[in-house]
Amino acid sequence: QVQLVESGGGLVQAGGSLRLSCAASGGTFNTYNMGWFRQAPGKEREFVATITWSGGRTNYADSVKGRFTISRDNVKNTLYLQMNSLKPEDTAVYYCAASPTISGPNARNYAYWGQGTQVTVSS
């Protein structure tokens, strides 16, 4: 099974930026579709962004479109999420996930998950 470890979270002011990383090991990273999801306290886990195994297709939640960018480096076995113009409502634990088959916003298609990294945006 694939092991996923997120890093790069922290506390930032509204309007600031963060870059999250997800290091993958124990599997063939370049064959997996990848995604970022987040969960705020008291709320349900939600889709943020996805990217296909080749990096040729990306998809974003409406709430982050134009502000966040998902990317991957299949040589380094690493997934990234560049977050710009952060808002207080972006505050959540962010998780990376891997799908051996289907790409898309449905979290149930992702078999492997990281431990999460906290992002806190102050006003």
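When reading the values below, keep in mind they use all heavy atoms of this one structure, side chains included, and skip hydrogens, waters and symmetry mates.
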Closest non-hydrogen atom pair, [X] against [Y]:
X     : Y      : value
Val64 : Val48  : CG2-O, 3.6 Å
Leu81 : Trp36  : CB-NE1, 3.4 Å
Ala14 : Ser123 : CB-CA, 4.4 Å
Leu4  : Ala24  : CD2-CB, 3.7 Å
Ser17 : Asn84  : OG-OD1, 2.9 Å
Thr78 : Ser21  : CG2-CB, 4.3 Å

| request: Any chance you could lay out the side-chain contact (heavy atoms from CB on, under 4.5 Å) test for Thr101 and Asn109, step after step, and finish with the verdict? | output: CA-CA 8 Å; Thr101 54; Asn109 291 325; 5.8 Å; no
| message | Under a plain distance cut-off of 3.5 Å, with no hydrogens placed, do Arg72 and Asn74 share a side-chain donor-acceptor pair? | response |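 Side-chain D/A pair, Asn74 to Arg72: present.
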Spatial distance of atom [atom1] ([X]) from atom [atom2] ([Y]) [nearest 0.5 Å]:
X     : Y     : atom1 : atom2 : value
Gln82 : Ile70 : CD    : CD1   : 12.5 Å
Cys22 : Gln3  : SG    : CD    : 11.0 Å
Arg57 : Thr52 : CZ    : OG1   : 8.0 Å

| Under the criterion side-chain contact (heavy atoms from CB on, under 4.5 Å), which of Thr91, Leu11, Leu20 is the partner of Val119? |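 Single side-chain contact (heavy atoms from CB on, under 4.5 Å) partner of Val119 among Thr91, Leu11, Leu20: Leu20.
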Treating [X] as the side-chain partner and [Y] as the backbone partner, does any N or O pair qualify as donor plus acceptor under 3.5 Å?
X     : Y      : answer
Gln39 : Ala92  : no
Asn33 : Trp53  : yes
Thr50 : Ser103 : no
Glu6  : Gly116 : yes

| said: Quick check: is Val12 connected to Tyr80 through a chain of hydrophobic side chains (ILVMFWY, heavy atoms under 4.5 Å apart)? | reply: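 Shared cluster, no.
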| task | Look at the aromatic rings of Phe68 and Tyr94 and report parallel, tilted or perpendicular, splitting at 30° and 60°. | result |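 Because their plane-to-plane angle lies in the 30° to 60° range, the rings of Phe68 and Tyr94 count as tilted.
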| query | Does Phe47 sit in a hydrophobic cluster with other residues, and if so which ones, taking ILVMFWY side chains as linked at heavy-atom separations under 4.5 Å, directly or through other members? | reply |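 Under the 4.5 Å side-chain rule, Phe47 groups with Phe37, Val93, Tyr95, Tyr110, Trp113.
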| Side-chain heavy atoms of Tyr32 within contact of Ser99, under 4.5 Å |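 Sidechains of Ser99 and Tyr32: no contact.
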| said: For a side-chain contact (heavy atoms from CB on, under 4.5 Å) check, start with the C-alpha distance between Asp90 and Arg67, then their side-chain angles and the critical distance, and finish with the verdict. | reply: CA-CA 11 Å; Asp90 294 319; Arg67 299 187 297 119; 2.8 Å; yes
| request: For atom CD of Glu89, decide whether the heavy atoms of other residues, nucleotides or ligands shown that lie under 6.0 angstrom number more than 12. | output: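 Yes, because the 6.0 Å sphere around CD of Glu89 holds more than 12 heavy atoms from other groups.
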